[in-house]
2 protein chains.
Amino acid sequence: MAANGDPRPCSIADALAVVGEKYSLLVLREVCLGNGRFDQLVRNIGAPRDVLSSRLRRLVDAGILTKRAYSERPQRFEYRPTQAGLELEPVLMTLKEWGDRHIRGGVNLPMMVEHICGHELVPLVTCRSCGKPVHHEDLTAHPQAEGWTVTGPTAA
Amino acid sequence: MAANGDPRPCSIADALAVVGEKYSLLVLREVCLGNGRFDQLVRNIGAPRDVLSSRLRRLVDAGILTKRAYSERPQRFEYRPTQAGLELEPVLMTLKEWGDRHIRGGVNLPMMVEHICGHELVPLVTCRSCGKPVHHEDLTAHPQAEGWTVTGPTAA
DNA sequence: GAGGAGGGTTGGATTTTCAAACTCACGGAG
DNA sequence: CTCCGTGAGTTTGAAAATCCAACCCTCCTC
């Protein structure tokens, strides 16, 4: 058994440490939509300006957003996603789809995203190796750190 | 233009209102791994017990987890994912994959998930209609609520 | 030179978080 | 029977984050 007292080492936790604070993913949503200006973000997200300011700094520091001047004199800025930020968009879309079904109940959806193929985007998470959709019962986790278990030493 | 002052209506925001608080997705991770007992959750997540207690209540209320007694006398409980909870697992896996690449830099990964096909699970988000991988540049957003724009009235 | 707009910062009240200690119910060892 | 340990939380009090409104500064237009 591992020296515990430390939480499980995990990239999900690592990712959430960067983008898991309140509003961070909504900032990314807006920025991916092209609404990267401070006042747009405040309005569209509904976040306090100071918190937003802090999140933007953090996301820029983490390499998920960049801050660009779209005008000198008067100095005006715009936040845009980096490649890393853009690569989070599938996570956002997958979360949206879950929310559409499980919270909105599939009706009265407030936003539609169209794929270039001409249809509404309904994301499907697949296995890159075999191409099949990912289902819980097809997965087996292997924690790499010593002492970490999947079902715990006391599991049923 | 819409009567603004309200944030953008959006299923991503709705979803995050339920699973976006600190530790909530880590609870789901553990529960999906089969570690659904209170003390396991405390240890594996590293969350304060009171916060965890509050998150568990919320996730159960939201229909993402269920609380089951695995023993009467002494009463002992276990949290398990509902169908809605299980359907969030692809989001978790996609986030893990992003973290693997962008935070861990693709090396020294603390956890591996194996797909039933025999290979390591590397999730790929695809369009359900055409099957192609989802990329930012292939997407067009259509907000349904009146007055909401994609690029904003003042966009470049 | 008055009034915006954009992009923030500051101040103070309210909430959350945190860590450790505590509770309660039971089961087993001595 | 008494003491110890386990599981599942609750309580407590200090530290940190959030919220909101107000303010600031620079430029631009009227």
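Convention: sequence-line order gives letters A, B, ...; per-chain numbering from 1. Since this is a predicted model, take the numbers as computed values, not measurements.
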A.B. asks: Looking only at side-chain N and O atoms, does Arg55(B) come under 4.0 Å of OP1 or OP2 in dT17(C)?
C.D. replies: yes

A.B. asks: In whole angstroms, how far is the C1' atom of dC24(C) from the CZ atom of Arg49(B)?
C.D. replies: 13 Å

A.B. asks: Do Val31(B) and Tyr70(B) belong to the same hydrophobic cluster, where Ile, Leu, Val, Met, Phe, Trp and Tyr are linked whenever their side-chain heavy atoms lie under 4.5 Å apart, directly or via other members?
C.D. replies: no

A.B. asks: Look at Ser71(B) and dG7(D) and indicate whether a side-chain polar atom (N or O) is within less than 4.0 Å of OP1 or OP2.
C.D. replies: no

A.B. asks: Please check if the side chain of Thr82(A) supplies one atom and the backbone of Gly85(A) the other of a donor-acceptor pair under 3.5 Å.
C.D. replies: yes

A.B. asks: Roughly, in whole Å, what's the span from CZ in Arg68(A) to P in dG7(C)?
C.D. replies: 13 Å

A.B. asks: Take atom CG of Asp6(A) and atom P of dA19(C), then tell me their distance rounded to the nearest Å.
C.D. replies: 13 Å

A.B. asks: Atom CD of Gln75(B) and atom C1' of dG7(D): how far apart are they, to the nearest Å?
C.D. replies: 11 Å

A.B. asks: If I take atom CZ in residue Arg43(B) and atom P in nucleotide dA19(C), what distance separates them, rounded to the nearest angstrom?
C.D. replies: 17 Å

A.B. asks: Starting at CD of Gln40(A) and ending at P of dG6(C), how long is that distance when rounded to a whole Å?
C.D. replies: 9 Å

A.B. asks: When the distance from CG of Asp39(B) to P of dT10(D) is rounded to whole Å, what number comes out?
C.D. replies: 13 Å

A.B. asks: Report the C-alpha separation of Ser53(A) and Arg57(A) in whole Å, then their side-chain angles, then the decisive distance to 0.1 Å, and conclude whether the side-chain hydrogen bond (donor to acceptor under 3.5 Å, both in side chains) test is met.
C.D. replies: CA-CA 6 Å; Ser53(A) 173; Arg57(A) 226 169 333 216; 3.2 Å; yes

A.B. asks: Quick one: is Lys22(B) getting a side-chain N or O under 4.0 Å of the dA17(D) phosphate, OP1 or OP2?
C.D. replies: no

A.B. asks: Taking OP1 and OP2 of dC19(D), is either one under 4.0 Å from a side-chain nitrogen or oxygen of Tyr23(A)?
C.D. replies: yes

A.B. asks: Test for a donor-acceptor pair under 3.5 Å between the base of dG7(C) and the side chain of Arg76(A), counting only N and O atoms.
C.D. replies: no

A.B. asks: Counting any heavy atom closer than 4.0 Å, what does Arg73(A) reach on the DNA or RNA strands: base, sugar-phosphate only, or nothing?
C.D. replies: sugar-phosphate

A.B. asks: Salt bridge or not for Asp100(B) and Lys96(B), using N-O below 4.0 Å?
C.D. replies: yes

A.B. asks: Do any side-chain nitrogens or oxygens of Ser53(A) fall under 4.0 Å of OP1 or OP2 in dT9(C)?
C.D. replies: yes

A.B. asks: Determine whether Cys130(B) and His115(A) make a side-chain contact, defined as any pair of heavy atoms from C-beta on separated by less than 4.5 Å.
C.D. replies: yes

A.B. asks: Go through the side-chain N and O atoms of Arg58(A) and Ser54(A) and say whether any donor and acceptor fall under 3.5 Å apart.
C.D. replies: no

A.B. asks: Just compare dG8(C), dC26(C), dC27(D) and give me whichever is closest to any side-chain atom of Pro74(B).
C.D. replies: dC26(C)

A.B. asks: For dG6(C) and Tyr79(A) - does any side-chain N or O of the residue sit under 4.0 Å from the phosphate oxygens OP1/OP2?
C.D. replies: no

A.B. asks: Is Phe77(A) touching bases, backbone alone, or none of the nucleic acid, heavy atoms closer than 4.0 Å?
C.D. replies: sugar-phosphate

A.B. asks: Round to a whole Å and report the spacing from CZ of Phe38(A) to P of dC24(D).
C.D. replies: 17 Å

A.B. asks: Verify, without hydrogens or angle tests, whether Thr94(B) (side chain) and Pro90(B) (backbone) share a donor-acceptor contact under 3.5 angstrom.
C.D. replies: yes

A.B. asks: Measuring from Glu78(A):CD to Asn35(A):CG, what's the distance to the nearest 0.5 Å?
C.D. replies: 9.5 Å

A.B. asks: Tell me which residues in residues 56-66 of chain A put a heavy atom below 4.0 Å from DNA chain C, sorted by number, or none.
C.D. replies: Arg57(A)

